[in-house]
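Structure first, then comments.
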Protein chains: 2
Amino acid sequence: MLSLVEENYLKAIYHLSEGGQAQVSTNAIADAIHTKPASVSDMIQKLDRKRVIQYTKYQGVKVTKEGKEAALKVIRKHRLWEVFLVEQLNFNWDEVHDVAEQLEHIKSPLLIERLDAFLGHPKVDPHGDPIPDAQGVINTKPQKPLHQLDLGAEAIIRAVKDSSPAFLRHLDKLGAYLGAGVKILEKEEFDNSMQIQIDQSTVVFISNEVGQNILVQEN
Amino acid sequence: MLSLVEENYLKAIYHLSEGGQAQVSTNAIADAIHTKPASVSDMIQKLDRKRVIQYTKYQGVKVTKEGKEAALKVIRKHRLWEVFLVEQLNFNWDEVHDVAEQLEHIKSPLLIERLDAFLGHPKVDPHGDPIPDAQGVINTKPQKPLHQLDLGAEAIIRAVKDSSPAFLRHLDKLGAYLGAGVKILEKEEFDNSMQIQIDQSTVVFISNEVGQNILVQEN
DNA sequence: ATATATTTTTAGATGATTCTAAATTATATT
DNA sequence: AATATAATTTAGAATCATCTAAAAATATAT
Ligand SMILES: [Mn+2]
Ligand SMILES: [Mn+2]
Ligand SMILES: [Mn+2]
Ligand SMILES: [Mn+2]
């Protein structure tokens, strides 16, 4: 059994390690959870004792098989709750994160399976992130950043890399949303900005920063 | 701001004081939360400092106005979540308590107002307990224990005093549920047991223990 | 009104999580 | 290779919530 705090550490480590593959440094964790490296040092030793990560002094940590399973359970809950908030309670996609951050720690296997069924077993959350199934299997589809598309290319917006309220509200303003079709009308070599058409109608300017954080599936 | 633990103490104190009226003793709180009196002694001093209860050494505590407001907010959340679990996620009424005990601590005013609207502003929870509105106003209707009814009297089951899974499953077995019509067919002076008819059909025996924990509204 | 029993509080300790400051190890630069 | 810089760990302390054991206050029973 992991505490709420331990779950948050493990989830952050899992995300930083891109699916449990890479080694993660103490400072990277501290940055991600907004704690001090000293606190992280303590905690990763505890998580190593609980066998959810493998810790080597001064070398960072790696998520174990058990750790990956535990992390995916929390992520599954987080994303299912986000779907619930958006689809059932009419939250906007920029309002769900902090609440889901709390709800993901509710302990009840029955609750999460019933919620999943109630929502119709959704495959992605409101930000396009895939929802692991009860066995922890994730279904990922090939996606690339919008700003990597060639001139004239057409694609569909599938996910956002940045889920911050600020970025999401900016997308709302642009008229960009998951499922929207986009076409590259112009590309600026100079600053990597582009002009794109959304849904065959609106034309908007996209900075490099924005283009990198929109993930699309090419037609 | 109250911590999760403080909220649980305050809620227990509020319930023990019957709506914030009565003085509550240290031992009573310890029994209710399954802690030791020493721990309660510490905590009630903290809650007094936070002005949600008024503590007099050796004399127990009383809930303040602010305390009552805070307690009712937690109770509102608890009961709304119970309605959600039963009505939307098909939980049985004996399965909801432990989960609601966790969900009641989620902090998000938006969430609770949206949930309330989503559920259609329910007035009672699955155990017949009234749900305080956003202002903390509770709508109570006159109810009495089933075992106080006279022979031949007819009434409708409105609530249960005991929400333990064991009791609720017993009621399921008897065929008793909220909204069911009952009629007193026989009363035993000796042990306060009775024979009642449910929904004009089933006839069942009810012990004193059970009769005291079923609340009805007389026709 | 004493003595006894019960309730309540305090003292001291523990585990969890966090912090600052200091020490240690690893990495980068000359 | 020696030195400077950066990353990491440890030491020591704080806060929160809990406990056991002991002390103090209140209530009950002769
Ligand atoms: Mn969290
Ligand atoms: Mn998300
Ligand atoms: Mn609770
Ligand atoms: Mn209830």
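Quantities reported herein were computed from a predicted structural model and do not represent experimental measurements. First the proteins, then the strands, lettered A, B, ... as listed; each starts at 1.
Taking atom NE2 of residue B/His34 and atom C1' of nucleotide D/dT18, one finds them 16 Å apart after rounding to whole Å. Atoms CD (B/Gln59) and C1' (D/dA24) sit 14 Å apart, rounded to a whole Å. A straight line from NZ of A/Lys36 to C1' of D/dA11 spans 18 Å, rounded to a whole angstrom. Protein atom CZ of B/Arg49 is 12 Å distant from nucleotide atom C1' of D/dT15, rounded to whole Å. Going from atom CG of B/Asn27 over to atom P of D/dT26 covers 15 Å, rounded to whole Å. Between B/Ile29 atom CD1 and C/dT8 atom P there is a gap of 9 Å when expressed in whole angstrom units. Look at CG on B/Asp42: it is 13 Å from C1' on D/dT15, rounded to the nearest Å. B/Met43 places its CE atom 14 Å from the P atom of C/dT9, with the value rounded to the nearest Å.
At distances below 3.5 Å, not a single donor-acceptor pair connects side-chain atoms of A/Glu6 with backbone N or O atoms of A/Leu4. The closest donor-acceptor contact from the side chain of A/Asn192 to the backbone of A/Glu188 lies at 3.5 Å or more, if one exists at all.
Out of C/dT9, D/dT9, C/dT8, the shortest distance to the side chain of B/Tyr55 is found at C/dT9. In this structure, of D/dT18, C/dT9, D/dT8, it is D/dT8 that holds the atom nearest to the side chain of A/Thr26.
A donor atom on one side chain and an acceptor atom on the other are found under 3.5 Å apart for A/Asn92 and A/Asp172.
Comparing A/Lys57 and A/Glu6 by the nucleotide of DNA chain C that holds the closest heavy atom to each, the one mapping nearer the 5' end is A/Glu6.
As judged by a 4.0 angstrom heavy-atom cut-off over every strand, B/Ser39 is placed among the base-contacting residues.
Using a 4.0 Å cut-off, no side-chain N or O of B/Tyr58 falls inside it from OP1 or OP2 of C/dT6. Note on B/Ser41: every side-chain N or O is 4.0 Å or more away from OP1 and OP2 of C/dT10.
In summary, the aromatic rings of B/His127 and B/His97 are positioned with their centroids too far apart to meet the 6.0 Å limit.
At a threshold of 4.0 Å, the pair A/Lys107-B/Asp98 does not count as salt-bridged, since none of the basic side-chain nitrogens sits closer than that to a carboxylate oxygen.
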